[in-house]
Amino acid sequence: MPSLSLSLSLPPPLNNTNNSEFRRAISTLHPAREPHDLLKSCIRSRNFALGKLLHRKFTESQLTLDSPLLNSLITLYSKSGQWQQALSIFQSMDPSMRDLVSWTAMISCFANHRMHRQSLSTFIQLLRATDFYPNEFSFTASLRSCSNAEFFSTGLAVFGFVLKTGYLDADVCVGCALIDMFVKGSDDLGSAFKVFEKISERNVVTWNLMITRLVQFSHTGDAIHLFFSMVESGFGPDRFTLSSVLSACAELELLAFGKQLHSWGVKSGMGLDVFFGSSLVDMYAKCGADGSVEDARKVFDRMPERNVVSWTAIIAAYVQGGLEQEAIGLFCEMIWGYVVPNCFTFASTLKACANLPEFGLGKQLHSQAIKLGVSAVNCVGNGLVNMYARSGRMECARKCFDILLEKNLILCDTAVDWNAKNLDPKDDIFNLETEGTGNGVNAFTYGSLLSAAACIGTISKGEQIHARVLKSGFGNNLCINNALISMYSKCGNEAAALRVFSDMKDRNVISWTSIISGFAKHGFATKALELFCEMLEAGVKPNGVTYIAVLSACSHVGLIDEAWKHFASMHRDHDIVPRMEHYACMVDLLGRSGLLSEAIEFINSMPFRADALIWRTFLGSCRIHHNSKFGEQAAKKVLELEPHDPAAYILLSNLYAAEGRWDDVAAIRKSMKLRKLTKEAGCSWIEVENQVHKFHVGDTSHPKAQKIYDKLDELTFKIKNLGYVPNTDSVLHDVEEELKEQFLFQHSEKIAVAFALISTRKPKPIRIFKNLRVCGDCHTAIKYISVVTGREIVVRDANRFHHIKDGKCSCNDYW
DNA sequence: GTAGGGTTAG
């Protein structure tokens, strides 16, 4: 692994060339030109150093500075990031010297520095000054300060003003500012689009702005439609248009269209501009077809100019393609080329490190991020937390998490890790969110929080986040609504998920896939398949993930013919090549139905070599149908492919245990011990009154343990009278039957049910979560418990949901 | 003299 030994330290600094540049710049200026024009050309060419030098010269020569000159100086300091200087010039001006331009330049300066309150109060002062009336420039500048949730209502007032004074028709820039106000201020793309339609004199910039915002707010399909209308209206797309539409292509995986745009751009002579080129790299990488990383690389290699974004795009491409070594190599190449990485670069490179067993590199990256001062930025912090958590360094992960600037983002799997290791309510990740000032809470934040809530299954947190989403005006956001569907599904409330889905104005393939996979996991296959038909009727094109949901819906209830129909159709009708996961669904379906020989035949007929997932799936079926001959074969295959997979050992040992082959069970345990493999401990949890209670096997640590076990005894007595017979097959110890029965009643899911019964009342359904699959005996017992208590019990296990009511389960005992 | 549009991550 040669690239692993590459040092990540930053290269030595470049020689300072500013002086010679400066001299060259000053020599090109014509000495006879007016000081005014000189200053203007400095601003236009962004040569701020020269502009500031001129300012000094003006002061030294005691030249009388008139309003136009002072206004330009305000602009100079505004654009060079020194608002204090701009303000002091403005304040030093005699009030009689301040004209509309001075006021507007100052409003704009505050807006540039995100000092929205100051910007708007200056605007109000301008309104109060009787001599002036705001013009299109003042409106644009002040509206820019209303493009955030805090000042959105002020923006509406300014909007009214604009309509009354007729500036919307008079000036395109005012229209652009209004579009951004609606998009950024209240996530209201509908109103933004209405403004867009109202602009009578649209130009390329207006079209670009609307298209870009649609892409950025994940209305990708709409963006592409708008792109076509733009072309139909006779506007030629420029590099701005193409880079935005290309990122839409990347998201929707429209490779063919992306290629068209590529040749369009080349033909129209824009070459491989940094923006256009970076977007192309990203597009080729994300359009999952084979060889796409190579295509991305080809574009990257041909780019005449590259910046940190282009480098990040190509690094991300390699990470996504699973080529972590190459990605890290490119990162090194980049920093040795004096390109300074940014947050996004770190996010991608850290992901590459997290996927590699070697740990030193990640640590080096961490120190680089600290040096560059970005370790507390969310996407970097998330990458660090994830990397440390994955390698089991929970303390380092926690430290990185603690310093995050906005403690509102957390990776889903990290949340689960924490959940599994520690469910201390003091460690509540959701409360941390409120510590921040609330700035920077965006759609992605809510999405992350919702998926964290979904992972843990904490519906009350999910509902709280939902309420905040509505309050903060994100109610129509597509991504958030998709996350809500998924959250409610994963928390076991399919009805609420459907409500969100039905109320959505816009739905994309992810919305449909989320709701379908929700119903599939809950075992409501008919509903899932109905929705799939509706989706096709609505003209939404399914993707590979949709088919995983459809096939697993069939698999969860054993609809073999239906599954074959869809499996054939996905390639034939929708051009989706089945992946390993799709084959795994079919193997699962055949295997669970007891068609083990057919499943083997199917595996052998696959166009590629079966991976561990396929064999593990098949091994699971062998266990259900007590077929140790096939089971041994399958376990061997899994261990060939993944020698350190504890799941295969466990499944095989379960299989032996069920047949009473205790010597074989012992042999497996021994070899697991030798390899230092441990079985993940089973645990169940339940949320009662906003608090999560977690139980392990035979857990007696809960304060109400005595009451819980009393309840368990009572339940055992009642359900035995109803005909429940303990199924001791799933007890993996070679002990007496009576003892086995005792072990059974210490299973975490039964303890959680008993706790739920003493802590909650009818008619609230009981929602239990388990990190592994629910055991067969617990499943039976809970069905009886639902009869004797009249309660509805929903169990989410590692694989699916069980809705148990009146002695019946939505899985039809088929899981 | 004052104003508007792009790419990369999660």
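Chain identifiers are assigned alphabetically (A, B, ...) following the order of the sequence lines, protein sequences preceding nucleic acid strands; residue numbering begins at 1 within each chain.
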Query raised in the report: From B:dA3, B:dT7, B:dG5, pick the nucleotide closest to the side chain of A:N307?
Result: B:dT7
Query - Presence of A:Q216 side-chain N/O under 4.0 Å of B:dT7 phosphate oxygens OP1/OP2 - result: yes
Query - ring centroid sep under 5.5 Å plus plane angle under 30, A:F137 with B:dA3 - result: no
Query - For atom CE of A:M334 and atom P of B:dT8, their distance in whole Å - result: 16 Å
Query - Given B:dT8, B:dG4, B:dG6, the nucleotide with the shortest approach to the side chain of A:A313 - result: B:dT8
Report summary line: Rounded to whole Å, the CG-P distance (A:L226 to B:dG5) equals 17 Å
**Report entry** Between A:F90 and A:W103, ring centroids under 6.0 Å
**Finding:** yes
Query raised in the report: Taking only side-chain nitrogens and oxygens of A:K286, does any of them come within less than 4.0 Å of OP1 or OP2 of B:dA9?
Result: yes
Requested in this report: Among B:dG4, B:dT2, B:dT8, find the nucleotide with the atom closest to the side chain of A:T104.
Outcome: B:dT2
Requested in this report: Compare the minimum distances between each of B:dG4, B:dA3, B:dA9 and the side chain of A:T206, then state the nucleotide with the smallest one.
Outcome: B:dG4
Query - Is_stacked (A:F344, B:dA9) at 5.5 Å, 30 deg - result: no
Query raised in the report: When the distance from CG of A:D180 to C1' of B:dA3 is rounded to whole Å, what number comes out?
Result: 12 Å
Report task. Send over the distance from A:N342 CG to B:dT7 P, rounded to a whole Å. Result -> 13 Å
Requested in this report: Could you check whether A:V172 gets within reach of a base, just the sugar-phosphate, or nothing at all, counting any heavy atom under 4.0 Å?
Outcome: base
Query raised in the report: Rounded to the Å, how far apart are A:L214 CG and B:dG5 C1'?
Result: 13 Å
Query raised in the report: Of the nucleotides B:dT2, B:dG6, B:dG4, which one has an atom closest to the side chain of A:R213?
Result: B:dG6
**Report entry** Qualifying residue for side chain to side chain contact (heavy atoms under 4.5 Å, CB included) with A:S142, from A:T104, A:L120, A:L127
**Finding:** A:L120
Query raised in the report: Just one of A:D187, A:D180, A:D222 clears the salt bridge (charged side-chain N to carboxylate O under 4.0 Å, His left out) bar with A:R213, so which one?
Result: A:D180
Report task. Identify the two heavy atoms, one from A:L242 and one from A:G265, that lie closest to each other, and give their separation to 0.1 Å. Result -> CD1-CA, 3.7 Å
Query raised in the report: How far apart are the C-alpha atoms of A:H262 and A:V266, what are their side-chain angles, what is the distance that settles it, and do they pass the side chain to side chain contact (heavy atoms under 4.5 Å, CB included) test?
Result: CA-CA 6 Å; A:H262 185 175; A:V266 172; 3.7 Å; yes
Query raised in the report: Hey, does the side chain of A:R239 come within less than 4.0 Å of B:dT7's phosphate (OP1/OP2), counting only N and O?
Result: no
Report summary line: Closest to the side chain of A:V204, out of B:dG6, B:dG5, B:dG4, is B:dG5
Query raised in the report: Rounded to the nearest Å, what distance is computed from the CD1 atom of residue A:I179 to the P atom of nucleotide B:dG6?
Result: 12 Å
**Report entry** Out of B:dT7, B:dG5, B:dA3, whichever nucleotide has its closest atom nearest the side chain of A:F275
**Finding:** B:dT7
Report task. Grab the CG-P distance between A:N208 and B:dT7 for me, whole Å please. Result -> 11 Å
Requested in this report: May I ask you to verify if any side-chain N or O of A:K351 is less than 4.0 angstrom from the OP1 or OP2 atom of B:dG10?
Outcome: yes
Requested in this report: Would you mind reading off the distance between A:L272 atom CG and B:dT7 atom P, rounded to a whole angstrom?
Outcome: 17 Å
Query raised in the report: Between the base of B:dG5 and the side chain of A:D238, is there a donor-acceptor distance below 3.5 Å?
Result: yes
Requested in this report: Could you check whether A:N203 gets within reach of a base, just the sugar-phosphate, or nothing at all, counting any heavy atom under 4.0 Å?
Outcome: base
Report task. Anything under 30° is parallel, anything over 60° is perpendicular, the rest tilted; go ahead and classify A:F161 against A:F139. Result -> perpendicular
Query raised in the report: Reckon A:A316 touches a base, only the sugar-phosphate, or nothing at all at heavy-atom distances under 4.0 Å?
Result: sugar-phosphate
